[in-house]
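The next block holds one structure in the form of structure tokens; read it before the comments.
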There are 2 protein chains.
Amino acid sequence: MIWLMAAAEARRRRGRLFTEPDIDDDSTGDKEAYMASILARYRKTLSDRTKFHLGYPYNLDFDYGALTQLQHFSINNLGDPFIESNYGVHSRQFEVGVLDWFARLWDIEKDEYWGYITNCGTEGNLHGILVGREVFPEGILYASKESHYSVFKAARMYRMECEKVDTLLTGEIDCADFKVKLLANKDKPAIINVNIGTTVKGAVDDLDLVIKTLEDCGFSHDRFYIHCDGALFGLMMPFVKRAPKVTFKKPIGSVSVSGHKFVGCPMPCGVQLTRLEHVNVLSSNVEYLASRDATIMGSRNGHAPLFLWYTLNRKGYKGFQKEVQKCLRNAHYLKNRLIGAGISAMLNELSSTVVFERPKDEEFVRKWQLACERNMAHVVVMPSVTVDKLDHFLDELVEGRSMWYKDENVKPPCLASDIGSVNCCCPQHRMIS
Amino acid sequence: MIWLMAAAEARRRRGRLFTEPDIDDDSTGDKEAYMASILARYRKTLSDRTKFHLGYPYNLDFDYGALTQLQHFSINNLGDPFIESNYGVHSRQFEVGVLDWFARLWDIEKDEYWGYITNCGTEGNLHGILVGREVFPEGILYASKESHYSVFKAARMYRMECEKVDTLLTGEIDCADFKVKLLANKDKPAIINVNIGTTVKGAVDDLDLVIKTLEDCGFSHDRFYIHCDGALFGLMMPFVKRAPKVTFKKPIGSVSVSGHKFVGCPMPCGVQLTRLEHVNVLSSNVEYLASRDATIMGSRNGHAPLFLWYTLNRKGYKGFQKEVQKCLRNAHYLKNRLIGAGISAMLNELSSTVVFERPKDEEFVRKWQLACERNMAHVVVMPSVTVDKLDHFLDELVEGRSMWYKDENVKPPCLASDIGSVNCCCPQHRMIS
């Protein structure tokens with residue numbers, strides 16, 4: 001239980017952030033000064049940490065100055081976005097506007113979809129999979145082993161049978177293994193989580209092949225439900241030319257995408273869209289609930305829709321297209337420079353997630369806030385990641401490696417089992433490629 | 001399916017909030033002006049709606065100007081508050097500070113609790129009940145029928161057996177009925193949702209009596225799990241003198257409270273505290289998850305802890321005590337004036353929720369944003385609800401009633417079955433009281 005030890009350590013290290021019980025409540029002046037100094041120091045930390053950030057798929061480049069005038073309202077979109085609530089301080093009209101924007105992006109008519117703005121990607125997955133389970137109470141959940149952990153959390157929370165499907169080296173779902181598992185469970189409906197960009201490798205599952213595999217195994221369209229987890233790439237793929245389309249014209253049940261990732265938002269949020277008919281199933285089953293309770297959460301952040309509306313409107317389709325192209329270009333630049341420097345690296349087609357050799361120095365990993373798994377680290381090239389920043393990072397990485405591997409007996413790790421020997425530059429595989 | 005019709009109507013009424021596809025992407029000036037005008041109009045609406053708000057337990061009186069400097073950072077406390085993540089732009093130190101503050105309030109040692117800041121009261125209930133289910137996989141969920149809908153949603157999501165327990169007229173759980181239901185299910189552990197303030201009547205379940213009932217029915221402490229849903233009153237009760245205490249010194253498993261209610265916060269949030277030992281059970285079962293995934297959501301709003309920290313620190317225990325007293329005083333004022341005007345009304349001891357006759361005019365209900373159920377409406381007296389505001393409301397209500405009931409054949413509704421004949425002023429019961 002390493003994490004418990006880490007937690008205990010964190011508990012010991014907690015700083016003094018409250019004046020109580022030491023400072024008397026009435027010495028307001030002292031308290032205000034104390035709090036102001038804490039905030040000033042914290043602001044500096046946030047600035048520094050924002051500057052050196054590469055590992056998470058968060059676009060940190062946004063300017064919501066125009067929305068500051070709304071920050072002091074308690075905006076709450078409790079319940080269903082399409083039903084007026086008696087609480088008047090809401091932003092439903094913006095929420096529905098944003099949903100309509102995505103409905104257009106994913107080809108579904110306004111009167112055929114239902115959706116809402118969630119608190120994060122996890123809520124989207126929890127909702128999509130719950131809808132799937134309500135449509136098929138006996139359904140088995142299939143998800144590739146590189147799916148986001150929230151998918152397996154959903155299976156456990158909802159007490160669903162779950163089949164983990166193998167992946168290819170790219171990180172995509174292995175449809176050969178999927179087929180074997182489907183055939184072994186032909187008697188039960190299938191609920192499938194399809195990844196539109198996996199967390200670690202940014203791999204995009206082949207939606208068309210998933211559907212074909214289902215059909216080949218004898219699953220008719222009324223015996224499966226597909227949820228597309230488009231956390232990051234759900235919003236990028238529509239703007240990539242050769243990319244296969246995520247669209248409700250295909251037999252999918254729901255799509256979710258994060259708002260704080262490619263769009264950029266001061267707090268996590270997401271968009272969840274599903275077919276209206278499915279939500280009717282969800283709702284009609286709930287006789288003991290307020291009839292309109294079809295969201296996972298109850299009270300819902302009314303500021304998030306405003307942030308999304310603002311950016312979607314300001315950038316527009318063309319603006320997103322330009323940004324996506326820039327990200328893909330910069331991702332290729334990073335990957336090529338890594339390979340050029342003899343560092344193992346992989347970049348999936350359609351993706352801006354560059355996977356590479358995990359840096360040996362944990363301090364370096366923390367500084368650049370890289371997400372790591374086994375021998376891999378990754379950089380997710382977002383609009384806020386410029387070529388200058390990548391150069392700075394690359395220079396430091398190359399310099400670091402010259403120190404870490406100075407001693408000839410210390411070798412860089414092998415990534416062949418993670419990203420394939422063709423992408424691996426470890427001493428053993430360097431010769432091959 | 002009335003709500004579906006309402007939803008369809010809302011869909012038809014959606015306004016124009018996006019310039020696309022009509023306005024060309026490149027005419028940036030037009031677009032900016034268009035958006036600015038939408039925002040200005042929206043700001044005006046929010047102001048108006050904030051002014052006339054009485055029905056929801058949200059404290060709308062806050063000033064977070066000092067935090068504006070942090071609004072442009074993408075602050076995300078993904079995962080466990082006590083484990084450092086590689087993502088550096090977080091507010092864990094503030095989150096843990098806030099949790100410690102509540103741990104002190106609810107009498108649990110720093111090294112014995114675990115918790116996190118949630119997105120809303122629902123997330124707290126979903127978490128508390130999930131922990132209960134993981135501790136007792138075969139446990140039956142007991143909750144009074146006036147519990148928040150999220151409790152029954154949890155039962156359904158988690159596929160748990162659920163027993164709905166009757167309530168007294170006050171809205172409290174009826175422990176006689178609870179006993180009958182416990183005795184009928186003695187072979188299975190009990191997971192109990194205890195309401196510290198119900199949604200409609202602000203009723204506080206008698207925690208001590210619930211525990212005694214469990215003990216009387218032969219449930220030892222290792223065969224039940226109590227989750228306290230303290231959405232609103234969880235933060236008020238500690239500051240009410242004669243109130244029975246919610247404390248971890250009693251055999252409870254978890255407590256949740258909302259942050260946007262009594263504290264006041266621009267977006268919904270909540271605090272969830274549980275015993276560390278229980279979260280260990282939760283985590284140790286999750287071999288397929290990142291070991292530290294013990295929250296419901298994944299990415300988590302890092303601004304909410306800052307808002308909470310700021311208010312808790314600024315007001316302190318004494319400040320909250322004063323505000324709670326003011327709210328209770330004003331609630332009594334409102335109730336007495338209602339009764340004085342011959343209007344059915346009830347105010348539970350320990351509560352600031354005044355339940356009264358549902359106004360006949362829906363326009364009036366919408367203006368004052370009253371939450372209604374059957375023949376009841378309620379006003380939740382929060383720190384932002386002043387005597388002036390109550391007077392304004394009462395004057396309008398009395399004036400309204402003189403019109404609604406001008407015709408002698410139109411009578412005010414009877415609330416005897418909702419709040420008891422002793423509190424009912426309908427023509428039939430007026431004589432009695």
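We name chains A, B, ... by the order of the sequence lines, and we start the count at 1 in each one. The figures here come from the full heavy-atom set of this structure, side chains too, leaving out hydrogens, waters and symmetry mates.
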**Which portion of B:His90 sits near chain A, non-hydrogen atoms under 4.5 angstrom** = backbone
**Item:** Heavy-atom side-chain proximity of A:Trp101 to A:Val96 below 4.5 angstrom
**Value:** no
**Item:** Proximity breakdown for A:His72 and chain B, heavy-atom pairs closer than 4.5 Å
**Value:** both
**Polar contact flag, side-chain donor to acceptor under 3.5 angstrom, A:Asn77-A:Tyr87** = no
**Asked** Any side-chain donor-acceptor pair under 3.5 Å between A:Asn313 and B:Tyr34?
**Response** no
**Fill in**
Answer key: most heavy-atom pairs under 4.5 Å with chain B among A:Arg49, A:Arg366, A:Met297 is A:Met297
**Asked** With respect to chain B, which residue among A:Thr68, A:Leu39, A:Leu370, A:Asn86 yields the maximal number of heavy-atom pairs within a distance under 4.5 Å?
**Response** A:Asn86
**Asked** So which part of A:Leu130 gets closer than 4.5 Å to some heavy atom of chain B, the side chain, the backbone, both or neither?
**Response** side chain
**Asked** Side chain, backbone, both or neither: which part of A:Arg300 has an atom under 4.5 Å from a heavy atom of chain B?
**Response** backbone
**Asked** Within the distance-only criterion (no hydrogens, no angle test), does the side chain of B:Gln321 pair as donor or acceptor with the backbone N or O of B:Tyr317 below 3.5 angstrom?
**Response** no
**Message:** For the CZ atom of B:Arg104 and the OH atom of B:Tyr113, what is their distance to the nearest 0.5 Å?
**Reply:** 13.0 Å
**Prompt:** In terms of the angle between their ring planes, are A:Trp114 and A:His127 parallel, tilted or perpendicular, with boundaries placed at 30° and 60°?
**Reply:** parallel
**Message:** With a 4.5 angstrom heavy-atom cut-off, is it the side chain or the backbone of B:His303 that approaches chain A, or both, or neither?
**Reply:** side chain
**Asked** If you count heavy-atom pairs under 4.5 Å with chain B, which of A:Gly270, A:Ala371, A:Ala154, A:Ser47 comes out on top?
**Response** A:Ser47
**Request:** Name the region of B:Tyr56, side chain, backbone, both or neither, that has any atom closer than 4.5 Å to a heavy atom of chain A.
**Result:** side chain
**Message:** Less than 4.5 Å to any heavy atom of chain A: does that hold for the side chain of B:Leu60, its backbone, both, or neither?
**Reply:** side chain
**Salt-bridge criterion met for A:Arg156 and B:Glu134 (N-O under 4.0 Å)** = yes
**Residue B:Ile296 versus chain A: region with a heavy atom under 4.5 Å** = both
**Message:** Report which part of B:Thr50 has an atom under 4.5 Å of a heavy atom belonging to chain A: side chain, backbone, both, or neither.
**Reply:** both
**Asked** Contact part of B:Tyr158 toward chain A, heavy-atom cut-off under 4.5 Å: side chain, backbone, both or neither?
**Response** both
**Item:** Validation row: B:Pro268, A:Asn301 side chains within 4.5 angstrom (heavy atoms)
**Value:** yes
**Message:** Is B:Leu46 in contact with chain A via its backbone, its side chain, both, or neither, using a 4.5 Å heavy-atom distance?
**Reply:** both
**Message:** Strictly distance-based, threshold 3.5 Å: is any side-chain N or O of A:Arg43 a donor or acceptor partner for the main-chain N or O of A:Ile38?
**Reply:** no
**Prompt:** By a 4.5 Å heavy-atom criterion (distance strictly below it), what part of A:Ser258 contacts chain B: side chain, backbone, both, or neither?
**Reply:** neither
**Asked** Should A:Ser299 and B:Tyr58 count as side-chain neighbours, where that means a heavy-atom distance under 4.5 Å?
**Response** yes
**B:Arg314 backbone acceptor or donor facing A:Lys31 side chain under 3.5 Å** = yes
**Request:** Under 4.5 Å heavy-atom distance to chain B, tell me which part of A:Phe73 shows up: side chain, backbone, both or neither.
**Result:** both
**Message:** I need the residue from A:Phe62, A:Tyr42, A:Phe52 with the largest number of non-hydrogen atom pairs under 4.5 Å to chain B.
**Reply:** A:Tyr42
**Prompt:** Which atoms of B:Phe94 come close to chain A, meaning under 4.5 Å heavy atom to heavy atom: side chain ones, backbone ones, both, or neither?
**Reply:** both
**Fill in**
Max heavy-atom pairs within cutoff under 4.5 Å with chain A, candidates B:Ala36, B:Ser91, B:Cys372, goes to B:Ser91
**Prompt:** Any donor and acceptor pair, going by atom type alone, linking the side chain of B:Gln369 with main-chain N or O of B:Val365 inside 3.5 Å?
**Reply:** no
**Item:** B:Thr45 versus chain A, the contacting section by heavy-atom distance below 4.5 Å
**Value:** neither
